Protein chains: 2
Amino acid sequence: MSLTPIAALGEFGLIHHLTRNIQPSNPNLAFGIGDDAAVIRMNNGKLQLVSTDLLLEGVHFDLTYTPLKHLGYKAVAVNVSDICAMNGQAQYITLSMGLSSKFTVEAVEELFSGVLAACKYYGVELVGGDTSSSLQGLILNVAVWGEVEENRVCYRHTAKNHDLLCVSGDLGAAYLGLNLLEREKRIFKENPDFKPDFEGRDYLLQRQLKPDARMDVVALLAEAGVVPTAMIDVSDGLASECLHLATRSGLGVRLYEEKLPISEQAWKQAGEFKLEPAICALNGGEDYELLFTINQKDYEAIAQIAEISVIGHMTDASEGYRLMTKGEQLIDLEAQGWQAFKAQS
Amino acid sequence: MSLTPIAALGEFGLIHHLTRNIQPSNPNLAFGIGDDAAVIRMNNGKLQLVSTDLLLEGVHFDLTYTPLKHLGYKAVAVNVSDICAMNGQAQYITLSMGLSSKFTVEAVEELFSGVLAACKYYGVELVGGDTSSSLQGLILNVAVWGEVEENRVCYRHTAKNHDLLCVSGDLGAAYLGLNLLEREKRIFKENPDFKPDFEGRDYLLQRQLKPDARMDVVALLAEAGVVPTAMIDVSDGLASECLHLATRSGLGVRLYEEKLPISEQAWKQAGEFKLEPAICALNGGEDYELLFTINQKDYEAIAQIAEISVIGHMTDASEGYRLMTKGEQLIDLEAQGWQAFKAQS
């Protein structure tokens, strides 16, 4: 029997490999595996949305510099973001916690207060969960439920040729915040008297430690009378998500470097790290912004919304997945993304 | 600031402590934290049920003797069991997997084939999930949802005085199966040439390694026209679950040792281990049978069902939580149960 390391397939490859033969049998399942959330038909003309995310100490977060309250908040926010990416409203979550013996009741209270703060902020109800001891570190799993009207649901695979590609907020800051925290951690290890100075970089830290789901953008789109033709949230990085939208829709995509929304703090920090700001935006990930396509007729409605940038458009598949640089070079997009399994190999 | 070890509260104490001030605000939430599943009102007169379970290597399972396919099956079964315990029908699950680098694609396929086998057996659809690398061992989280008609839902807190206490199947075998596997593991460690002989103990192993949710019992109750007054599944042990039903319902409970259903293999194995079979049934856990109360008027209907034993009745709270032994002694029930956090202290 041949043995294949998981790293040979990667996360998306493994999921595809495992689920390739699954044939949904329940007629109410509108869409199963392969989008931000599963979609189930309800009897009231609405669709139920379901998603789940696992967060592991040492893989997804580092407690050296992640306050527990922020972590609890983030665990909820990243799940709510998956419901936003379907253009839906999150309603309920469950929380599973694996706790090693290093955690005190007070520490768990801190974590839990962040969970409840996020629930309150997003109008989501914590309805259940599971708690267990863990031999190694902290384990969190959140499952989230929400709903959306049938005529407003946004999948990944429904973009059309010539649609405009839009993104909310700005990109790359969460990645730069992570790099900043990792740098300060290294310095602190060498010199424990070192006091990190994060002045003027608060936005970068906030984007990494306390990301928010763009429920406000879902509401703004509804107010503007716009239903995106396809949508995904930016968790693995803009390039990776663009490739998802394009390949799933059987299209190509064209991005413009000069259109990428990047914050001032991200620009400065990228300079200090000698990184290209555009590369941080394309491959950084964890921005939890919404990336979506709209029909060109909706351009005027979208142009009114300050939170949204038009960064490109969908093309015929034959034109590939390309970024036009500021120097007017066309380069291929590659999904660096969140290569969770590469780190092990 | 005082620091309290989690073991001081235990799993149930910690959950109560964290959730004591949660005030549900969504009017559709019929029941939140504190039963086998959360209960949400749908617009079609049905109730939606939601539950989740975390399974951790080294805490909930030992891969030395747990075949991955069985583990995948069990991860689904224990979740479906929570929906059965609400008298409901499981419909959908999500699966989160944390995989350390020791796992090959082929190993994950084995695990996943067990998940799919259980989904098929229970008529449940896998609709989504999350996959990540893990630094230490295998992490599984399943979230499950299902539905039940409003007039058939069974909570824990609704038993009435004088109700009969019933349990499906038999008890203690899963615990004895675990002890058997642990013993053979110890012997194998000392003598790697040792070949364990499990002849005549297949039922014990099956109960531990491949437990089934009692969806059949939910159907039998419906056929018999019986709606239990309260119900819970036996995951932590009969004594612990009896205490849950009684205390939540503001009642006492009386069990009869001679009525406890115990299989022949469990009797034999308990003898070999010099354990009291009744203690294995009371405190063993992981039986995933259904423990429920019925109104006395339903006795005749229940008596027809071979799968169900009447093992006691509910009493006034003042009579306490008691077991009548075969020697006609009344002893207090104590929840040994699944003390996940005690193992660490």
Side-chain angles (χ1 to χ4, degrees), chain A residues 1-6 8-9 11 14-15 17-18 22 24-26 29 32-33 37-38 40 42-44 50-54 56 58-60 91-92 94 96 98-99 101 103-106 108-109 112 125-137 139 141 143 145 340-341 343-344, chain B residues 1-6 8-9 11 14-15 17-18 22 24-26 29 32-33 37-38 40 42-44 50-54 56 58-60 91-92 94 96 98-99 101 103-106 108-109 112 116 125-137 139 141 143 340-341 343-344:
Chain A
M1 180 169 154
S2 74
L3 295 178
T4 317
I6 293 174
L9 296 183
E11 179 183 353
L14 177 66
I15 294 170
H17 180 72
L18 293 174
I22 292 182
S25 59
N26 188 320
L29 182 62
I33 295 156
I40 295 158
M42 318 250 278
N43 303 24
N44 57 2
V50 182
S51 188
T52 190
D53 264 311
L54 185 63
L56 304 177
V59 178
H60 302 95
Q91 298 172 302
Y92 306 100
T94 59
S96 299
L99 303 163
S101 55
F103 288 94
T104 60
V105 172
E106 290 72 19
V108 183
E109 278 176 336
F112 203 71
E125 203 91 46
L126 175 69
V127 298
D130 192 14
T131 307
S132 166
S133 62
S134 143
L135 296 182
Q136 297 287 347
I139 295 162
N141 192 88
W145 286 257
F341 292 104
Q344 302 184 343
Chain B
M1 180 171 156
S2 73
L3 295 177
T4 316
I6 293 174
L9 296 184
E11 180 184 352
L14 177 67
I15 294 169
H17 179 73
L18 292 174
I22 293 181
S25 59
N26 189 320
L29 182 62
I33 295 155
I40 297 158
M42 318 250 277
N43 303 26
N44 57 1
V50 182
S51 188
T52 190
D53 264 311
L54 184 64
L56 303 177
V59 178
H60 301 94
Q91 298 172 300
Y92 305 100
T94 59
S96 299
L99 303 163
S101 54
F103 288 93
T104 60
V105 172
E106 289 74 17
V108 183
E109 278 176 336
F112 202 71
L116 293 185
E125 204 91 47
L126 174 69
V127 299
D130 192 14
T131 308
S132 167
S133 62
S134 143
L135 296 182
Q136 297 288 346
I139 294 163
N141 192 88
F341 291 105
Q344 300 184 345

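What you see below is based on every heavy atom in this structure, not just the backbone, and it leaves out hydrogens, waters and symmetry mates. Model, not experiment: these values are computed from the prediction.
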Worksheet entry | Portion of A:L9 that has a non-hydrogen atom of chain B nearer than 4.5 angstrom | side chain
Worksheet item: Side chain, backbone, both or neither: which part of A:I15 has a heavy atom under 4.5 Å from chain B?
Response: side chain
Discussion item. Between B:L56 and A:S132, does the side chain to side chain contact (heavy atoms under 4.5 Å, CB included) criterion hold? Intermediate values first, please.
Written reply: CA-CA 8 Å; B:L56 303 177; A:S132 166; 3.9 Å; yes
Worksheet item: What's the spacing between B:H60 NE2 and A:S133 OG if we round to 0.5 Å?
Response: 6.5 Å
Practice prompt. Heavy-atom pairs under 4.5 Å with chain A are the metric here; pick the option from B:G128, B:G129, B:G137 that has the most.
Written response: B:G129
Fill in: A:D130 side, atom CG; B:E11 side, atom CD - distance, nearest 0.5 Å
6.0 Å
Worksheet entry | Spatial distance of atom CD1 (B:I6) from atom OG (A:S101) [nearest 0.5 Å] | 8.5 Å
Response to the item:
Bottom line for B:N141: the part with an atom under 4.5 Å from chain A's heavy atoms is side chain
Fill in: Separation between OG1 of B:T131 and CG of A:L54, rounded to the nearest 0.5 Å
9.0 Å
Discussion item. Among A:H17, A:Q91, A:M42, which residue has the highest count of heavy-atom pairs closer than 4.5 Å to chain B?
Written reply: A:H17
Item to complete: For residues A:I33 and B:V127, determine if any side-chain heavy atom of one lies less than 4.5 Å from a side-chain heavy atom of the other.
Response: no
Worksheet item: Heavy-atom distance under 4.5 Å between the side chains of B:T4 and A:E109, does that happen here?
Response: no
Item to complete: Determine the option with the most heavy-atom pairs under 4.5 angstrom with chain B, choosing from A:V105, A:T104, A:I139, A:L29.
Response: A:V105
Item to complete: Just give me the residue among B:A37, B:G98, B:S96, B:S51 that pairs up with chain A most often, heavy atom to heavy atom, under 4.5 Å.
Response: B:S96
Practice prompt. Quick one: list whatever passes side chain to side chain contact (heavy atoms under 4.5 Å, CB included) with B:L116, sequence neighbours left out.
Written response: A:I22, B:F112, B:L126
Worksheet item: Mind checking what makes ring pair (Phe, Tyr, Trp, His ring centres under 6.0 Å) contact with B:Y92, not counting sequence neighbours?
Response: B:W145
